[in-house]
Amino acid sequence: MMMRLTTFLLALSTLLIPSLSFARTQRERGVNRHELAARVRAEFLHAWRGYERYAWGHDELKPLSKTARDWYDEPLYMTQVDALDTLFLMGLREEEKRTREFVVGHLNFDKDIYVQNFEITIRHLGGLLSAYQLTGDRRLLRLAEDLGNRLLPAFDSPTGIPYRFVNLRTGKVRGEVTNPAEAGTLLIEFGALSKLTRRPVFYDRAKRALVETFKRRSALGLVGSRINVETGEWVGKTSHISGGIDSYYEYLLKCWRLFGDEECRRMWLESIAAVNNHLADEADGELWYGQADMTTGRRTGTSYGALDAFFPAVLALSGDTRRAARLQESSFKMWRAHGIEPESLNYRTMKVEAPGYPLRPEIVESTYYLHRLTGDNYYLLAGSHLFEDFVRHCRTDAAYAALKSVETKEQEDNMESFLFAETFKYFYLLFAPPKTLDFDRVVFNTEAHPIRKTWGRQ
Ligand code: DMJ
């Protein structure tokens, strides 16, 4: 009864507050954080039960057909590994224990499959290390080290920039054209693995990949969109902060914070200056980030999308809360245009370019960072609107589904593991008591796996 009343009041409040106005004058209305955290947890559990029922032991649930999907010929338990630390943080101890025992009992990386180094690193290596730090279960660290060993051959290229795919059993590699995100989003995971196993090789390989990518920046200080790992030549010269480059910037900043690595600090400071100079775009008093040629700085596009919405979090973490808050308003505007955000739109015309919404977390992540770093309760209110829309459009009877189009709201038979690792986690952490996770003592990897610095300065 209590639950029904709560649901009714929440529904009523979204009717009374003009949908998603996020108006700052409303911030004093306040939100019931306790109730919202409970609701996020309940919705997480709804999706989790669907996964357990229809796809347990597989990489992902297909939420409409209620069938399972595996990324490769054999499952790597993507959803289970990605969800472990969220289960722990939400206090779902039984589910967490059961999942952990399953992972430890079944996950075996000795498989003749080519995996994508970046995706496996951010989901598996990050997920295992974070869950190890939270639970103290050393079996997870052993799995992480085994995986780290098997991924190392990916870095054996003439430049040190990793190939995109590596065979977990044979160490053979594929994919000589990569991008800065895949090359440079490895050091939090490999670095933490080094610190926790006391084997520098992991840190050194991932750090070299980051530095070698940075070294190839243009005279303007920008990186391109695609690079050949054997020749070191750029084969795509469009610079942006979107998918394919995004987390390269994130890791320059975060690796300085996590490891106290001064070289990362220098690379971050030079890079962010170039990004703010050449990619930031003022459009009718709003701040956006678009595309430019890495060599000339000429503007080549005015697209912004769900993936770009991670950037306010990074800006805020770097101390630039003013710019972060302005860009977050643009992300909110993008969301408001259709009541949920598209993969990409043209911010000059607000025309949707890619209409899908694959349950992405970035806008929620930035809302969480801005709330923690500014203390402004406006972000709680904004987050509550995002959550209500997210539930309204993506919930299914079995779990949660991506949207084919934010314009028609037609759902798609797809539910990526980052729903559990990131989207629900950031919603939960936004509303949950701050003591749930000490924001100041962790660095989140790009898949929202918190890594705690349990080692001294290098
Ligand atoms: C996640 O796998 C990571 O956040 C990555 O950095 C970008 N894409 C997805 C979520 O949108």
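One-based numbering, in listed order, for ligands and for the atoms of each. Just so it is clear, the model here is predicted, and its values are computed rather than measured.
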- Query: So do Y368 and Y428 actually touch side chain to side chain, heavy atoms under 4.5 Å?
  - Reply: no

List, for ligand 1, each N/O atom that has a protein N/O partner under 3.5 Å away, with both atom names and the distance.
from, atom 1, to, atom 2, distance (Å)
ligand 1, 2 (O), E447, OE1, 2.6
ligand 1, 4 (O), E422, OE1, 3.3
ligand 1, 4 (O), E422, OE2, 2.9
ligand 1, 4 (O), T446, O, 2.7
ligand 1, 6 (O), T446, OG1, 2.8
ligand 1, 11 (O), R360, NH1, 2.7
ligand 1, 11 (O), E362, OE1, 3.3
ligand 1, 11 (O), E362, OE2, 2.8

- Item | Residue of the set Y357, F418, F420, F424 for which ring-ring contact (aromatic ring centres under 6.0 Å, His included) holds with Y400 | F424

- Measure the acute angle between the ring planes of F444 and F439, then classify it against the limits of 30° and 60° as parallel, tilted or perpendicular. tilted

- Message: I'd like to know if the side chain of Y72 pairs up with that of Q116 as donor and acceptor (distance under 3.5 Å, no hydrogens or angles considered).
- Response: no

- Message: As a test of understanding, state which of F202, F190, Y163 forms a ring-ring contact (aromatic ring centres under 6.0 Å, His included) with F155.
- Response: F190

- Evaluate the ring planes of F390 and F427, with Trp represented by its six-membered ring, and classify them as parallel (under 30°), tilted (30 to 60°) or perpendicular (over 60°). tilted

